[in-house]
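Below is one structure, written out as structure tokens; comments come after it.
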Amino acid sequence: MSVESQVAAPIAKRVPTERIHHGDVFVDEYEWLRDKENPEVIAYLEAENAYTEAKTAHLAGVREKIFEEIKSRTQETDLSVPTRMGGYWYYSRSFEGKQYGVHCRCPIDTSADDLAAWTPPQLEADREIPGEQVLLDSNELAQGHEFFALGAFSISHDGHLLAYSVDTVGDERYTLRVKDLRTGELLPDEIAGTAPGATWSLDGTHIFYQTVDESWRPDTVWRHRLGTGTDADVKVFHEPDERYWVSVGATRSEKYLMIWVGSKITTEGWVLESDNPEGEFRVILPRREGVEYSAEHAVIAGEDRFLILHNDGIPHNDGGPDGAKAQNFVLAEAPVSDPTAMRTLIAHRDDVRLEDVDAFADHVVLSYRREALTRVAVWPLTESGYGELRELEFDLELFAVGLGGNPEWAQPTLRIGLTSFITPMQVFDYVPATGALLLRKEQPVLGGFDASEYGQRRDWAVAEDGTRVPISLVWRKGTADPGERPRPLLLYGYGSYESSIDPGFSVARLSLLDRGMIFAVAHVRGGGEMGRLWYENGKTLSKKNTFTDFVACARHLVDTGVTAPDRMVADGGSAGGLLMGAVANLAPELFAGILANVPFVDPLTSILDPSLPLTVIEWDEWGNPLADEEVYDYMKSYSPYENVEAKDYPAILAITSINDTRVLYVEPAKWVAKLRATSTGDKPLLLKTEMSAGHGGVSGRYAKWKEVAFEFAWVLDIVGLAD
């Protein structure tokens, strides 16, 4: 008798609990699983883990093969491209057999000048690097801990001090320390319970950091003077409104410290000269509901200016708003002394979503989206203002491009990263003065990888309301291109928070592609791929568009002969896990399997409870079901957990973490329990809980590779490719 047949599926006991809102009574039979201090809950989760292990035991060999494939394709001992800051080149190292990275630096060549002084040294991983200094070895910090994450990593402006923070539990609460890089000694300063960041004052005497409230919301900025106790730390900013998150940083010029306060739909910035760390922050533009903006310091024609990206109306020629919201944002400039005196530089466009602006001493860099792809343009600064804007072009149908590490205000090169589904990450230095694009490094892929053996393309599905929805596909050539015959396919989706799933290379994914599987991304509404309205039409009372778009993409892939329902697996995590749960209810017949990572499958219960982490700030994304009966009814109509029905579901693998503070483990635990009690089918419904991790899952690269191998083996088994 096999191990699989010996182990029975755990059956969670039913303890009816009533939830009453707006006159609606919902009986929740599995809410008791929320109490992770209850030994019975832990025993149930461990029983689910044992069942999952038993049901996948036959895949142990495949898992090991995939793990070894990922390992064999990865150059385990490697170096990042060095980035110049001050008198040093900064870079990170990875070592074979070690889980975590090592941060290092080496001195610049002071005899070099012009472009040569900005050409990174050709460092060899297996050779001694003259003057190398190890700043932080995460492997040493992780010793004795099942989980490890590095939060802050911030060098003081003079290069003498390092502020860093670590989380060894997975709950995203960090302990901040300071290391003297001249002596290697830790200073006595130690601050527990911080959010993952740290910002230095210009003179290195003060650190600004954040703390979080009971709901994990970063709500307070503190100023710590080195050498003093934390009881002397000064609260410089506090945001009481639970819809807003707080962050602190500095401008690229290092002239100003900035505090940013943001909800999902409103932002406000505060500014202070960095050489006056004990001064008072002042507001840039007072918050107004629904108005978002960012401000970047630039020196234009010798004057300090703010470059302001905002959505506060489409301006007339006189600069005043005409009432129409600039959904895709406009770029304006204003004097630092009077940010309200804005002059529009780049007007609103329906087909271009402005996303970011970065200022340097000699040029400005714009990051934006057009036709569901990221773009970068460089705008030279002249004595009188602005030169000719130049967009960087690449000979790829699908790609993602963005700025890399560029810490210096005055530098003759611009670090750029470029990748695609079939292009390992390439690091370039772009020279604005000449237009030269200098390749500094391409991510090494061992084992004879040849990009020409793979294909990528863009398809378009048509949603229920006629909207065209982009789909990205990548596959291994040689058997049949997509559409020539149905092939196994993994369809990934997310569709929330205006997050875009951009083309990116994955070493691990090759293990799927080389076995004949197609990987596809459904760029559904709720994401940001097609501009701000793409997001607006997939949130709150339009959220169901996210789910129906995904179903439309799946049907398109079936109808065009790319795949078939018995060969397609859906995949999504977190808010994408909500998508997976909704799709399981909407169209279970379209999928052979559904993979859901840390899935947000009980959203209504969570969003109804303001005491839970992150709930209040989420009301701008989903609506407030506590106050609005229409929102309550709408969310209840799509909540995966509340809409489980007596019907055949595909095979489901849900993966969660016991210490997740963003999507609590109880959501997938309840979901799987209810599915198992309700489904009329016989497909395996599996729950796997990491018992010592948070929202990001296990830590350490080998542990992550093993987790990926576990998931991929399950996916391959579902579509008949595990052998």
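Keep in mind the model is a prediction, meaning the values are calculated, not measured.
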For the atom pair [atom1] ([X]) and [atom2] ([Y]), what is the distance rounded to the nearest 0.5 Å?
{"X": "E630", "Y": "M635", "atom1": "CD", "atom2": "CE", "answer": "13.0 Å"}
{"X": "E64", "Y": "F710", "atom1": "CD", "atom2": "CZ", "answer": "14.0 Å"}
{"X": "L489", "Y": "L473", "atom1": "CG", "atom2": "CG", "answer": "6.5 Å"}
{"X": "S506", "Y": "R73", "atom1": "OG", "atom2": "CZ", "answer": "10.0 Å"}
{"X": "F591", "Y": "D566", "atom1": "CZ", "atom2": "CG", "answer": "13.0 Å"}
{"X": "D514", "Y": "W475", "atom1": "CG", "atom2": "CH2", "answer": "14.5 Å"}

Check ring-ring contact (aromatic ring centres under 6.0 Å, His included) between W705 and all other residues, then give those that pass, not counting sequence neighbours.
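Result, ring-ring contact (aromatic ring centres under 6.0 Å, His included) vs W705: Y702.
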Mind checking ring-ring contact (aromatic ring centres under 6.0 Å, His included) for W622 and listing every partner two or more places apart, or none if nothing turns up?
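In terms of ring-ring contact (aromatic ring centres under 6.0 Å, His included), with neighbours along the sequence ignored, W622 is linked to F600.
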Evaluate the side chain to side chain contact (heavy atoms under 4.5 Å, CB included) criterion for residues D602 and W671: first the C-alpha distance (whole Å), next the side-chain angles of each, then the deciding distance (0.1 Å), finally the verdict.
CA-CA 8 Å; D602 188 21; W671 181 52; over 6 Å; no
For [Y], is there any backbone N or O sitting under 3.5 Å from a side-chain donor or acceptor partner on [X]?
{"X": "E667", "Y": "V601", "value": "yes"}
{"X": "N643", "Y": "S639", "value": "yes"}
{"X": "S72", "Y": "E69", "value": "yes"}
{"X": "R676", "Y": "P684", "value": "no"}
{"X": "R515", "Y": "S511", "value": "yes"}
{"X": "T56", "Y": "T52", "value": "yes"}
{"X": "T419", "Y": "F505", "value": "yes"}
{"X": "R701", "Y": "K98", "value": "yes"}
{"X": "R509", "Y": "F519", "value": "no"}
{"X": "N585", "Y": "P640", "value": "yes"}

Should the pair R468 and W460 be classed as cation-pi, given the thresholds of under 6.0 Å to the six-membered ring centre and 45° from the axis?
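R468 over W460 ring: yes.
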Does NZ or CZ of K706 lie under 6.0 Å from the centre of the six-membered ring of F67, at an angle within 45° of the ring axis?
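Yes, K706 and F67 form such a contact.
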Look at [X] together with [Y] and state whether they make a salt bridge at an N to O cut-off of under 4.0 Å.
{"X": "R173", "Y": "E214", "answer": "no"}
{"X": "R532", "Y": "E498", "answer": "yes"}
{"X": "D28", "Y": "R34", "answer": "no"}
{"X": "R525", "Y": "D465", "answer": "yes"}
{"X": "D24", "Y": "K636", "answer": "yes"}
{"X": "K688", "Y": "E707", "answer": "yes"}

Under a 4.5 Å cut-off applied to non-hydrogen side-chain atoms, are [X] and [Y] in contact?
{"X": "I652", "Y": "L675", "answer": "yes"}
{"X": "I607", "Y": "W619", "answer": "yes"}
{"X": "H21", "Y": "L608", "answer": "yes"}
{"X": "T689", "Y": "N49", "answer": "yes"}
{"X": "M691", "Y": "N659", "answer": "no"}
{"X": "I658", "Y": "L45", "answer": "yes"}
{"X": "M568", "Y": "L491", "answer": "yes"}
{"X": "K55", "Y": "L686", "answer": "yes"}

Apply side chain to side chain contact (heavy atoms under 4.5 Å, CB included) to W32 and E40, showing your working.
CA-CA 10 Å; W32 68 274; E40 193 174 359; 4.1 Å; yes
Would you mind telling me which of K13, K670, K674, R14 makes a salt bridge (Lys or Arg N to Asp or Glu O under 4.0 Å) with E29?
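So the option named by the test is R14.
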What do the steps show when you test Y492 against L579 for side chain to side chain contact (heavy atoms under 4.5 Å, CB included), and what is the final call?
CA-CA 10 Å; Y492 180 84; L579 171 60; over 6 Å; no
Of all residues at least two apart in sequence or in a different chain, which pass the salt bridge (Lys or Arg N to Asp or Glu O under 4.0 Å) check with R243?
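Checked R243 against salt bridge (Lys or Arg N to Asp or Glu O under 4.0 Å); matches are D241, E289.
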K264: which residues meet the salt bridge (Lys or Arg N to Asp or Glu O under 4.0 Å) condition with it, sequence neighbours left out?
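In terms of salt bridge (Lys or Arg N to Asp or Glu O under 4.0 Å), with neighbours along the sequence ignored, K264 is linked to E618.
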Would you give me the side-chain donor-acceptor pairs under 3.5 Å for residues 555-565, sequence neighbours excluded?
residue	atom	partner	partner atom	Å
R555	NH2	E589	OE2	3.4
T560	OG1	H556	O	2.7
T563	OG1	R487	O	2.7

Go through T540 and E621 one step at a time and tell me if the side chain to side chain contact (heavy atoms under 4.5 Å, CB included) criterion holds.
CA-CA 6 Å; T540 56; E621 179 79 16; over 6 Å; no
Testing the basics here: between [X] and [Y], what is the closest heavy-atom pair and its distance to 0.1 Å?
{"X": "Y454", "Y": "I422", "result": "CB-CG2, 3.6 Å"}
{"X": "I471", "Y": "A520", "result": "CG2-CB, 4.2 Å"}
{"X": "A552", "Y": "V462", "result": "CB-O, 3.7 Å"}
{"X": "D648", "Y": "P588", "result": "O-CB, 3.5 Å"}
{"X": "A195", "Y": "Y174", "result": "C-CD1, 4.2 Å"}
{"X": "L595", "Y": "M580", "result": "O-CG, 3.7 Å"}

Name all pairs fulfilling the ring-ring contact (aromatic ring centres under 6.0 Å, His included) condition that reach into residues 631-659, sequence neighbours left out, sorted by first residue then second.
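Qualifying pairs, neighbours excluded: H22-Y632, F547-Y638, Y634-Y638.
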Could you check whether F148 and Y100 have their ring centres less than 6.0 Å apart?
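Between F148 and Y100, which both carry aromatic rings, the centre distance is below 6.0 Å.
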Could you go through K71 and E76, starting from their C-alpha distance and side-chain angles, then the distance that decides it, and tell me whether this counts as salt bridge (Lys or Arg N to Asp or Glu O under 4.0 Å)?
CA-CA 8 Å; K71 195 169 182 286; E76 297 182 66; 3.4 Å; yes
Between the side chains of T546 and K539, does any donor sit under 3.5 Å from an acceptor?
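No, K539 and T546 have no side-chain donor paired with an acceptor closer than 3.5 Å.
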If you count heavy atoms of other groups shown closer than 6.0 angstrom to CD of E68, is the number above 12?
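Yes, enclosed.
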For the NZ atom on K65, are there more than 12 heavy atoms of other groups (residues, nucleotides or ligands in this structure) within a distance under 6.0 Å?
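No, because the 6.0 Å sphere around NZ of K65 holds 12 heavy atoms or fewer from other groups.
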Can you tell me which residue among Q456, E529, H523, R457 is in a side-chain hydrogen bond (donor to acceptor under 3.5 Å, both in side chains) with S472?
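When Q456, E529, H523, R457 are each tested with S472, the side-chain hydrogen bond (donor to acceptor under 3.5 Å, both in side chains) holds only for H523.
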